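It should be emphasised that the depicted structure is a prediction, and the values quoted were computed from it without experimental measurement. Protein chains get the first letters and strands the later ones, always in sequence-line order, with residue 1 at the start of each.
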2 protein chains.
Amino acid sequence: MRLQVAIDRMPLNQAEDIVKTIGSQADIIEAGTSLIKDYGVGALAALKKAAPDVPLLGDIKTIDEGEYEFRQGYRSGADILTVMGASSLATIEKCCLVAKEMQKEVMIDLLECTSEKIQAISIFPQAIYCLHTSVDKGATADPNGDILTFRKQFPSIRRIAIAGGINLEAVRKMKETAPEIVIVGSGITKAADKLQSVQNFRKAMTQNAYD
Amino acid sequence: MRLQVAIDRMPLNQAEDIVKTIGSQADIIEAGTSLIKDYGVGALAALKKAAPDVPLLGDIKTIDEGEYEFRQGYRSGADILTVMGASSLATIEKCCLVAKEMQKEVMIDLLECTSEKIQAISIFPQAIYCLHTSVDKGATADPNGDILTFRKQFPSIRRIAIAGGINLEAVRKMKETAPEIVIVGSGITKAADKLQSVQNFRKAMTQNAYD
């Protein structure tokens, strides 16, 4: 299980400072959507520079123009880029082709996707599928329950990430549900002691749920 | 019927030059998604400066974090912003609330929305609904047929825009189907003589289809 720390909704210099502080403790640094819409893909280059050895995910939420956006994103320093599951199959295919060509990774964001839609796009075994509860709808109450339900419904999808209001208690139980990536944002970036917070999440990843 | 010219997938200085050249002939200038992802919302300020008197649409394709993204977009100079129809109802509601508060407009992009989804989000009479064929799937063959079908299926939706490979011939027939906004991108921005091209589209908007 890898810990992805999402950096979002803040000035770029503050984002760079956070990455310098916690970068060594994160498995993946995420440049959040707002950071990219506020500053452009240059935000990717800035965060990559702040922690060159940590894989960088650019949450660009592509929903059309897959080839153009993915080339720009990877060129700007991202190792992983996001495409919306709500996109057309043609868009997701183009993103996967660019990723393969450039030897990078794709995350498919399942925000607001119906079961029918997930079934239709479940044909990319190399992609990571992100179970994602909308910020605007509030966090999911039971991320581990969501993962179990998802695994039952879509057994062919092996690479799973989970995002949306994930807290320490949920992470402690993830040893059982075993997503490949757990994504934490403001739970770390809004903590008074961000380094301590990310270390707490790391510890929770390895702790027994019922210690 | 208003003509919206979409400026996309080019360096920002080139986009500014095009806006200066054709701005007076456009009813709405669109800062395309790639421009915003490449340069951030600063691209909106730049295009607004290039044609201060022309309404500016920022195609920011919000799909979550509606309040944050819409505030940033309007503050940066946009008069109209886009939210994906594929978003949660909560996200679209937040976008509409910010628009109302800031006395701006909302366009809901119907890219890849099912009929059920369109029905569920057809409750915002102040919003403009954009029938949109994905760049990655290729242009629609019959935009006017698409408008007619849409109007029959969703009679409560009055404000309609159409985008996706719109050519002069299609625009000539739009006097009959009467979308509120017709969106043209590379048909104008890739023409050798861009000013002549936008004037041709203006003329087509008022011409009889069978002249």
Side-chain angles (χ1 to χ4, degrees), chain A residues 8-10 12 32-44 58-73 75-76 81-95 97 109 111-114 116-117 120-121 132-138 163-164 185, chain B residues 8-10 12 32-44 58-73 75-76 81-95 97 109 111-114 116-117 120-121 132-138 163-164 185:
Chain A
D8 222 343
R9 295 187 292 279
M10 64 181 72
L12 184 56
T33 310
S34 74
L35 220 54
I36 290 154
K37 288 192 180 169
D38 286 350
Y39 296 98
V41 287
L44 295 171
D59 191 13
I60 62 173
K61 287 192 167 57
T62 292
I63 194 160
D64 197 8
E65 305 177 27
E67 181 166 355
Y68 182 91
E69 292 194 4
F70 266 49
R71 282 196 194 284
Q72 291 287 80
R75 274 187 202 134
S76 303
L81 290 171
T82 58
V83 57
M84 299 311 295
S87 310
S88 69
L89 206 55
T91 296
I92 302 175
E93 275 166 357
K94 290 191 184 197
C95 294
L97 280 173
D109 184 331
L111 191 72
E112 293 296 310
C113 286
T114 60
E116 292 71 24
K117 182 74 185 183
I121 61 168
H132 184 186
T133 309
S134 158
V135 167
D136 289 335
K137 282 170 105 173
Chain B
D8 222 343
R9 295 187 292 278
M10 64 181 71
L12 185 55
T33 310
S34 74
L35 220 53
I36 290 155
K37 288 190 180 170
D38 286 350
Y39 296 98
V41 288
L44 295 171
D59 191 14
I60 62 174
K61 287 191 168 57
T62 291
I63 194 158
D64 197 8
E65 305 177 26
E67 180 166 356
Y68 182 91
E69 291 195 3
F70 265 50
R71 282 196 194 283
Q72 292 286 79
R75 274 188 202 132
S76 304
L81 290 170
T82 58
V83 56
M84 299 312 294
S87 310
S88 69
L89 206 55
T91 295
I92 302 176
E93 275 165 359
K94 289 190 185 197
C95 295
L97 280 173
D109 184 330
L111 192 73
E112 293 295 309
C113 286
T114 60
E116 292 71 25
K117 182 74 185 183
I121 60 168
H132 184 187
T133 310
S134 158
V135 167
D136 289 335
K137 282 171 105 174

In terms of heavy-atom proximity below 4.5 Å to chain A, should Tyr39(B) be classed as side chain, backbone, both, or neither? backbone

Go through the structure and list residues passing salt bridge (charged side-chain N to carboxylate O under 4.0 Å, His left out) with Glu65(A), not counting sequence neighbours. Arg9(B)

Pick whichever of Thr62(B), Thr91(B), Asp109(B) has the most heavy-atom pairs under 4.5 Å with chain A. Thr91(B)

List for me each residue that meets salt bridge (charged side-chain N to carboxylate O under 4.0 Å, His left out) alongside Asp59(B), sequence neighbours excluded, and say none if there are none. Lys61(B)

Given side chains that start at C-beta, do those of Glu112(A) and Lys117(B) come closer than 4.5 Å, heavy atoms only? yes

Checking heavy atoms, do the side chain of Asp8(B), its backbone, both or neither come under 4.5 Å from chain A? side chain

Residue selection (most heavy-atom pairs with chain B, distance under 4.5 Å) from Leu35(A), Thr114(A), Asp38(A), Ile36(A): Asp38(A)

Roughly how far apart are Leu111(B) CG and Ile63(A) CD1, rounded to 0.5 Å? 5.5 Å

Checking the side chain of Lys37(B) only, and the main-chain atoms of Ile60(A) only, is there a donor and an acceptor separated by less than 3.5 Å? yes

Tightest non-hydrogen contact, residues His132(B) and Asp64(A), listed as NE2-OD2, 4.1 Å

